[in-house]
Protein chains: 2
Amino acid sequence: MSQRHIDVSVLAVRACPVAEVIDHVSGRWTVGILTTAAQGPVRFVELERTVRGISRRMLTLKLRQLERDGLLTRTVFPTVPPRVEYTLTEIAEELLETLQGLTAWATRHRGTVAAARAAYDRARNAGGNGDDALVPQAT
Amino acid sequence: MSQRHIDVSVLAVRACPVAEVIDHVSGRWTVGILTTAAQGPVRFVELERTVRGISRRMLTLKLRQLERDGLLTRTVFPTVPPRVEYTLTEIAEELLETLQGLTAWATRHRGTVAAARAAYDRARNAGGNGDDALVPQAT
DNA sequence: CTGCATCCGAATTGATACTG
DNA sequence: CAGTATCAATTCGGATGCAG
């Protein structure tokens, strides 16, 4: 989610690291892009195909963001047609590992969350669209 | 994030847990709300004061979302004036712990990321506003 | 005190045509 | 292939005002 976040406080007086990470990682596509790139060097089209649903525009934008943050390395091969490969940097790989903790948590409590939602929705009449209601992003 | 996310694939064929977590946790306020609530039962106003910058509207929205996901417990005391307390559920506490891994990562590589950004921005002339640029504001 | 509802500008994202 | 440019559709989020 990009930095529209001006105020990040909450956890610490100084810039909060968590907020920063969350900001880097959150967003619909980031994790998907990183995990795909983790398999080895990937090309633009591969990402476009693998990260289902992402638009060309978003992919480009996210790719640039990740590159800027030092999570992805972009290599251009002066061939024709052009060939560009993206690779994870070391810190990105570390990040991905760390992320596994979250994966574990999610997996472990998937059922609990689902149940909670069902209960909540059932509680107030027929409401709830089954999906995430009331939303916001993102972050 | 929020469920505008219809397609979550990428990591697995089945619903991707990571995407779900990211979706729950991401967003400007969630982590702040959770960490505040972690200190013990908190009231609406306390959150409003502690989570700097959040609007009443957003706070309410997020609180509901968290409650629905089973991360927060909402207790209403039939007093007058009304008193409502929010408490973390067990899974939320676990989540918060897991999140510390990210905090660590962020802290560890804070400098690296900063440097990467600086380099990136410097590379393409005067660009970069120092913040997350991903959105090259016009002009 | 809590918190839902509405108005409305701001930011994000998607779709698509176009270029090197 | 790998993007960029542009336009339109959503969605987000802040500011009230009102109610239990």
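Hydrogens, waters and symmetry mates are skipped; everything else that's a heavy atom, side chains included, is used. Remember, predicted model here, so these are calculated numbers, not experimental data. In what follows, every chain begins at residue 1, and chains take the letters A, B, ... in the order their sequences are listed.
Using a 4.0 Å cutoff on non-hydrogen atoms, the parts of residues 38-48 of chain A near DNA chain D are R43(A), F44(A), V45(A), ordered by number.
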**OP:** Give the B/S/- string for nucleotides 14-20 of chain C, one per nucleotide from 5' to 3', where a protein heavy atom under 4.0 Å of the base yields B, of only the sugar-phosphate yields S, and otherwise -.
**Re:** BB----B

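If you take CZ of F77(B) and P of dG3(C), they are 12 Å apart, rounded to a whole angstrom. As a whole-Å value, the separation of L59(B) CG from dC1(C) P is 13 Å. Atoms CZ (R49(B)) and P (dT2(C)) sit 9 Å apart, rounded to a whole Å.
Rotation axes derived from the C1' atoms of the five outermost pairs at either end of the helix from dC1(C)-dG20(D) to dG20(C)-dC1(D) lie 40° apart, to the nearest 10°.
The side-chain tip of R124(B) points at the ring of Y120(B) from less than 6.0 angstrom away and within 45° of straight on.
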**OP:** Check step by step if side-chain contact (heavy atoms from CB on, under 4.5 Å) holds for L71(A) and L88(A).
**Re:** CA-CA 6 Å; L71(A) 294 175; L88(A) 287 197; over 6 Å; no

Original post:
Where do R28(A) and M58(A) land on the side-chain contact (heavy atoms from CB on, under 4.5 Å) test, with the steps shown first?
Top reply: CA-CA 10 Å; R28(A) 204 149 79 181; M58(A) 259 2 272; over 6 Å; no

**OP:** List the steps and the verdict of side-chain contact (heavy atoms from CB on, under 4.5 Å) for E97(A) and W105(B).
**Re:** CA-CA 10 Å; E97(A) 277 176 43; W105(B) 179 89; over 6 Å; no

**OP:** Apply the test side-chain contact (heavy atoms from CB on, under 4.5 Å) to residues Y86(B) and I33(B): give CA-CA distance (whole Å), side-chain angles for both, the deciding distance (0.1 Å), then the verdict.
**Re:** CA-CA 10 Å; Y86(B) 293 90; I33(B) 293 175; over 6 Å; no

Original post:
Checking salt bridge (Lys or Arg N to Asp or Glu O under 4.0 Å) for the pair E94(B)/R108(A): CA distance, chi angles, key distance, verdict?
Top reply: CA-CA 11 Å; E94(B) 256 185 60; R108(A) 208 164 32 204; 3.1 Å; yes

**OP:** Might you work through the salt bridge (Lys or Arg N to Asp or Glu O under 4.0 Å) test for E46(A) and R43(A), ending with a clear yes or no?
**Re:** CA-CA 5 Å; E46(A) 297 187 74; R43(A) 303 182 55 173; 5.2 Å; no

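Judged by distance alone, with hydrogens and angles left aside, the side-chain atoms of T50(B) form no donor-acceptor pair with the main-chain N or O of L47(B) at under 3.5 Å. Remark: the backbone N or O of G27(A) is not paired with any side-chain donor or acceptor of T30(A) at under 3.5 angstrom.
V80(B) and V45(B) are members of different hydrophobic clusters when ILVMFWY side chains are connected at heavy-atom separations under 4.5 Å.
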